[in-house]
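Protein chains get the first letters and strands the later ones, always in sequence-line order, with residue 1 at the start of each.
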Protein chains: 2
Amino acid sequence: MIQRLIKNIERTNAPIVVGLDPMLSYVPEQVQKKAFAEYGETLEGAAEAIWQFNKAIVDATCDLIPAVKPQVAMYEQFGVPGMAAYEKTVSYCQEKGLVVIGDVKRGDIGSTSEAYAVGHLGHVQIGSKTYAGFHEDFATVNPYLGSDGVKPFIKVCREEKKGIFVLVKTSNPSSGEFQDRMIDGRPLYEWVGEQVAAWGEEHMGDSYSYVGAVVGATYPEMGKVLRKIMPKAYILVPGYGAQGGKGKDLVHFFNEDGLGAIVNSSRGIIAAYKQEKYAAFGAENFADASRQAVLDMVEDISSALLQAKG
Amino acid sequence: MIQRLIKNIERTNAPIVVGLDPMLSYVPEQVQKKAFAEYGETLEGAAEAIWQFNKAIVDATCDLIPAVKPQVAMYEQFGVPGMAAYEKTVSYCQEKGLVVIGDVKRGDIGSTSEAYAVGHLGHVQIGSKTYAGFHEDFATVNPYLGSDGVKPFIKVCREEKKGIFVLVKTSNPSSGEFQDRMIDGRPLYEWVGEQVAAWGEEHMGDSYSYVGAVVGATYPEMGKVLRKIMPKAYILVPGYGAQGGKGKDLVHFFNEDGLGAIVNSSRGIIAAYKQEKYAAFGAENFADASRQAVLDMVEDISSALLQAKG
């Protein structure tokens, strides 16, 4: 799957991922109204609204992008119908040829981590049959519990040729509270990064590992260091756009081969129509605004990479 | 809700929680057969099997115990139908007067953490209506992302009078990989414990905080230290029984008031009938075996606490 991700990135020439994190407040009124008319102001109605919203954005952008990253929390807040909308979104994106990174940030121990891995990346055995519950291509994983928490994911990933991105340095302001604490002269996130590199050896693709890392765009200097610590890890980079990261902050997350990083934008793409810059599209053409925001993001990152090379 | 948890513990005289972590392999054949006869060997069939299994165990033990802790991963592995079985289990336990601790180990940042908090502990706004998706009473939370990840949970908890347990020192063998790393002369888990105490000040009950901690029974010496660092935090203690923790290991997790800790056992209770000790019950009386295992666990912990006092 890491090979397919790379192939998709090379084909689109766009090292980006669109975060499908649909807050109900992002969904234009006409979409909400239609969903509520059919299902009422219910969990099912909200789930239908975010699904239709996602579908329109995917339809408008899927030829430009290699991957999407649905944030499961935004679906989970709508209970069981929300989880059904999540699964439907994953399926639809895969039909459209997109790689799906489930931003689930799961992590537990032993058989429990394995259950998460099975539910999101694998197949569960039921009597003589097997089923794939949420069947994402990649999942994000929290490392706080150590190898016991991560290795069951790697086990399932090896069976399924799927991958994970382990949280190393997150994009939020308080990420330093624990992640930056100094241990033997080096911050915790570097130790986690070293461990990611070690875990990655256990499940390699051709040139990159199936075990990637999450490093926030908001910390470019740390990204530069982590790039070197984990040379074979694909870095999933959140924090671009709405959280403050810019194209020029991103160049050191990439390797010299021009690969090695994939930059996420969520609100900046899916709620583009709410920005002054794209206001001319209007709420009725929200998906076209998202398409334009994708084009602008790719341009911003490409020109920064070109400038850095030149 | 922390008051209700304490009241339930005092009423039952049992500082324990039953982990409803139903692997399909724990579910006796007659229960599986019946579910598969109705729904086939499908995700729905598996969800029905684990729900009926849970129901029987809850019916057989609910007068003896204050709380349950369903592990969402075990449901999530069965996709959307599994999540429906999770919600049904939460509802049923609440009807029976039990406090429900959702072992979800969620954790993200800002609006994403808030979405998790809303989905598991709060109410989501849909048009003019509100709904509670999974409506547990407590949830477990991963601290790796720092205050940005935890405070949105506390915000929702304040609105709803609900609580969280933050992972501090987990019960697994590799928990030390990051949690035990020394920072300015003290292990990371102590720093996290201090932060839990500080977060806890923001949402206090009468004598204990709504912000508790997870500390594994497998590390009694660390439990002793953490008890002092977080005097007002309820400690949820996994790792008893199948993972190796014993009654005598637990005494230092409690405060002098006899409160302050609640000990979880999952496999040791719900799959008791598979142990030699309870084999006489037979698979058909699996729920009675669970009841006996609860009685034995309470006796083990009570006598250890009594001995420590005397």
query = So which part of B/Val214 gets closer than 4.5 Å to some heavy atom of chain A, the side chain, the backbone, both or neither?
reply = neither

remark   = Comparing A/Gly107, A/Gly45, A/Pro143 against chain B, the one with the most heavy-atom pairs below 4.5 Å turns out to be A/Pro143

inquiry  = Do A/Tyr219 and A/Gln179 pair up side chain to side chain, a donor and an acceptor below 3.5 Å, judged on atom types alone?
reply    = no

ask   = When only pairs under 4.5 Å are counted, which of B/Val168, B/Asp21, B/Val118 shares the most heavy-atom pairs with chain A?
value = B/Val168

query = What part of A/Asn142 is in contact with chain B, defined as an atom under 4.5 angstrom from a non-hydrogen atom: side chain, backbone, both or neither?
reply = side chain

request  = Would you mind telling me which of A/Thr130, A/Thr140, A/Val192 has the largest number of heavy-atom pairs within less than 4.5 Å of chain B?
outcome  = A/Val192

ask   = So B/Trp51 and B/Tyr92, ring-ring contact (aromatic ring centres under 6.0 Å, His included) or not? Walk me through it.
value = CA-CA 10 Å; B/Trp51 151 244; B/Tyr92 189 72; 5.5 Å; yes

message = Does any backbone or side-chain atom of B/Leu43 lie under 4.5 Å from a heavy atom of chain A? Answer side chain, backbone, both or neither.
response = both

Please output the side-chain donor-acceptor pairs of residues 68-85 of chain B that fall under 3.5 Å, not counting sequence neighbours, one pair per line with the distance.
residue: B/Lys69; atom: NZ; partner: B/Asp103; partner atom: OD2; Å: 2.7
residue: B/Gln71; atom: OE1; partner: B/Ala73; partner atom: N; Å: 3.1
residue: B/Gln71; atom: NE2; partner: A/Asp108; partner atom: OD2; Å: 3.3
residue: B/Gln71; atom: NE2; partner: B/Asp103; partner atom: OD2; Å: 3.3
residue: B/Tyr75; atom: OH; partner: B/Leu20; partner atom: O; Å: 2.9
residue: B/Tyr75; atom: OH; partner: B/Asn54; partner atom: ND2; Å: 3.0
residue: B/Glu76; atom: OE1; partner: B/Arg106; partner atom: NH2; Å: 3.0
residue: B/Glu76; atom: OE2; partner: A/Arg106; partner atom: NE; Å: 2.9
residue: B/Glu76; atom: OE2; partner: A/Arg106; partner atom: NH2; Å: 2.8
residue: B/Glu76; atom: OE2; partner: A/His120; partner atom: NE2; Å: 2.5
residue: B/Gln77; atom: NE2; partner: B/Met74; partner atom: O; Å: 3.1

ask   = By a 4.5 Å heavy-atom criterion (distance strictly below it), what part of A/Tyr116 contacts chain B: side chain, backbone, both, or neither?
value = both

ask   = Judged by atom type as modelled, is there a donor-acceptor pair below 3.5 Å linking the side chain of A/Gln275 to the main-chain atoms of A/Gly268?
value = yes

ask   = Checking B/Ser113 against chain A: side chain, backbone, both or neither under 4.5 Å from a heavy atom?
value = neither

request  = Examine whether an atom of B/Leu145 lies under 4.5 Å from a heavy atom of chain A, and if so say whether it belongs to the side chain, the backbone or both; otherwise answer neither.
outcome  = both

Heavy-atom proximity to chain A below 4.5 Å, by part of B/Tyr144 = both

ask   = Between B/Phe165 and B/Phe138, what is the ring plane arrangement, given parallel below 30°, perpendicular above 60°, and tilted in between?
value = tilted

Leading residue by heavy atom contact count with chain B [cutoff under 4.5 Å; candidates A/Gly119, A/Ser175, A/Ser147, A/Ala117] = A/Ser147

task = Name the region of B/Thr170, side chain, backbone, both or neither, that has any atom closer than 4.5 Å to a heavy atom of chain A.
result = side chain

query = After noting the C-alpha distance and the side-chain angles of B/Glu136 and B/Tyr86, does the key distance pass the side-chain hydrogen bond (donor to acceptor under 3.5 Å, both in side chains) rule?
reply = CA-CA 10 Å; B/Glu136 302 97 310; B/Tyr86 178 79; 2.6 Å; yes

message = Counting heavy-atom pairs under 4.5 Å with chain B, which one of A/Met182, A/Glu177, A/Met23, A/Lys169 comes out on top?
response = A/Glu177

query = B/Ser128 versus chain A, heavy atoms under 4.5 Å apart: side chain, backbone, both or neither?
reply = both

Proximal component of B/Thr42, with respect to chain A [non-hydrogen, under 4.5 Å] = both

query = Does A/Glu48 pair with A/Lys34 as a salt bridge, N-O distance under 4.0 Å?
reply = no

inquiry  = Under a 4.0 Å threshold between the charged nitrogen and the carboxylate oxygen, would A/Lys151 count as salt-bridged to A/Glu202?
reply    = yes

ask   = Ignoring hydrogens and geometry, is there a side-chain-to-backbone donor-acceptor pair from B/Ser174 to A/Asp148 under 3.5 Å?
value = yes

ask   = Any idea which heavy atoms bring A/Gly122 and A/Val156 closest together, and the distance?
value = CA-CG1, 3.8 Å

Most contacts with chain B, counted as non-hydrogen pairs under 4.5 angstrom, among A/Asn172, A/Asp184, A/Ile109 = A/Asn172

query = Given that the side chain runs from C-beta out, which part of B/Ile183 has a heavy atom under 4.5 Å from chain A: side chain, backbone, both or neither?
reply = both

request  = Report the option among A/Lys129, A/Glu114, A/Gln32, A/Gln125 that has the most heavy-atom pairs separated by less than 4.5 Å from atoms of chain B.
outcome  = A/Lys129

message = For a quick check under 3.5 Å, do A/Glu87 and A/His135 share a side-chain donor-acceptor pair by atom type?
response = yes

